[in-house]
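The next block holds one structure in the form of structure tokens; read it before the comments.
We name chains A, B, ... by the order of the sequence lines, and we start the count at 1 in each one.
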Amino acid sequence: MKREKHKGEPKSGLPIAKNADSQHNFFENVWDVARQIPKGRVTSYGSIAAYLGARSSARMVGWAMNGAHARKDIPAHRVVNRVGLLSGRAHFSPPEKMQALLEKEGIEVKDHQVVHFKELFWDPAIELAL
DNA sequence: TTACTGACGCCTT
DNA sequence: AAAGGCGCCAGTA
């Protein structure tokens with residue numbers, strides 16, 4: 001099924017509308033999912049977005065992570081891009097913090113990239129499916 | 001106000 | 001197979 005460009009969200013139920021209310025909700029949801037990422041595991045921006053029904057808004061997930069910095073219990077370091085690259089490292093206090101935190105959880109990071117990413121990948125769409 | 005940018009990712013060439 | 005295009009949308013210039 002080739003999607004016709006991916007214009008607009010299919011909104012499989014989830015309204016990621018344009019009103020401030022759902023935006024707020026979206027951010028909250030992102031943080032909520034992020035909080036559930038098990039220690040020692042990682043996920044991607046796109047996966048979280050997809051789980052929330054906004055598969056094309058992966059960028060907004062990244063933006064949400066900005067705000068996450070404010071809340072101390074959001075493990076933003078466990079969210080990387082779809083290839084396992086620590087694309088958000090630059091936004092950490094010391095940029096090396098992200099990698100350091102991951103390594104502290106036993107995740108091997110080489111050249112700004114999570115080693116064994118595929119095995120450590122935690123997909124909310126699957127893990128939180130039930 | 002319009003234009004560009006970006007913690008992204010899928011699609012077409 | 002690799003590279004470029006486009007959509008997403010909040011914030012900034």
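C/dA1 and B/dC8: their P atoms are spaced 24 Å apart (whole Å). Rounded to a whole angstrom, the distance from the P atom of C/dA2 to that of B/dA7 is 25 Å. B/dC4 and C/dG5 are spaced 14 Å apart, taking the P atom of each and rounding to whole Å.
Between the OH atom of A/Tyr45 and the C1' atom of C/dG7 there is a distance of 19 Å, given to the nearest Å. Rounded to whole Å, the distance from CZ on A/Phe26 to C1' on C/dC8 is 10 Å. Rounded to an integer number of Å, the gap from CZ of A/Phe121 to C1' of B/dC8 is 13 Å. Residue A/Leu52 contributes atom CG, which lies 13 Å from atom P of C/dC9 at whole-angstrom precision. Rounded to whole Å, atom P of C/dC8 lies 17 Å from atom CZ of A/Phe27. The CZ-C1' distance, from A/Arg59 to C/dG7, rounds to 9 Å in whole Å. If you measure from atom CD1 of A/Ile48 to atom C1' of C/dC8, you get 16 Å, rounded to the nearest angstrom.
Checked against B/dG9, B/dA7, C/dA10, the side chain of A/Trp63 finds its nearest nucleotide in C/dA10. Taking every side-chain heavy atom of A/Met65 into account, B/dA7 is the closest of B/dC8, C/dC9, B/dA7.
Residues from residues 77-99 of chain A that place a heavy atom under 4.0 Å from any atom of DNA chain C: there are none.
One hydrophobic cluster, built from ILVMFWY side chains closer than 4.5 Å, cannot hold both A/Leu86 and A/Ile37; they sit in different ones.
The two residues A/Gly40 and A/Leu120 make their nearest non-hydrogen contact at O-CD2, 3.6 Å. The nearest pair of heavy atoms linking A/Met98 to A/Ala76 is CE-O, 4.1 Å. Scanning all heavy atoms of the two residues, the minimum distance from A/Phe27 to A/Ala64 falls at CE2-CA, 3.5 Å.
Of the charged side-chain nitrogens involved, at least one lies within less than 4.0 Å of a carboxylate oxygen, so that A/Arg78 and A/Glu105 count as a salt-bridged pair.
The side chain to side chain donor-acceptor pair (under 3.5 Å) check on A/Ser47 picks up A/Ser44, with sequence neighbours excluded. The side-chain contact (heavy atoms from CB on, under 4.5 Å) check on A/Lys110 picks up A/Val115, with sequence neighbours excluded.
Residue pairs meeting the ring pair (Phe, Tyr, Trp, His ring centres under 6.0 Å) criterion with at least one partner in residues 107-127 of chain A, sequence neighbours excluded, are A/Phe117-A/Phe121. For the ring pair (Phe, Tyr, Trp, His ring centres under 6.0 Å) condition, no pair includes a residue of residues 69-93 of chain A, sequence neighbours left out.
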Pick out the pairs of N or O atoms, protein on one side and nucleotides 2-5 of chain B on the other, that lie under 3.5 Å.
none

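Residue A/Ser57 places no side-chain N or O under 4.0 Å from the OP1 or OP2 atom of C/dG7.
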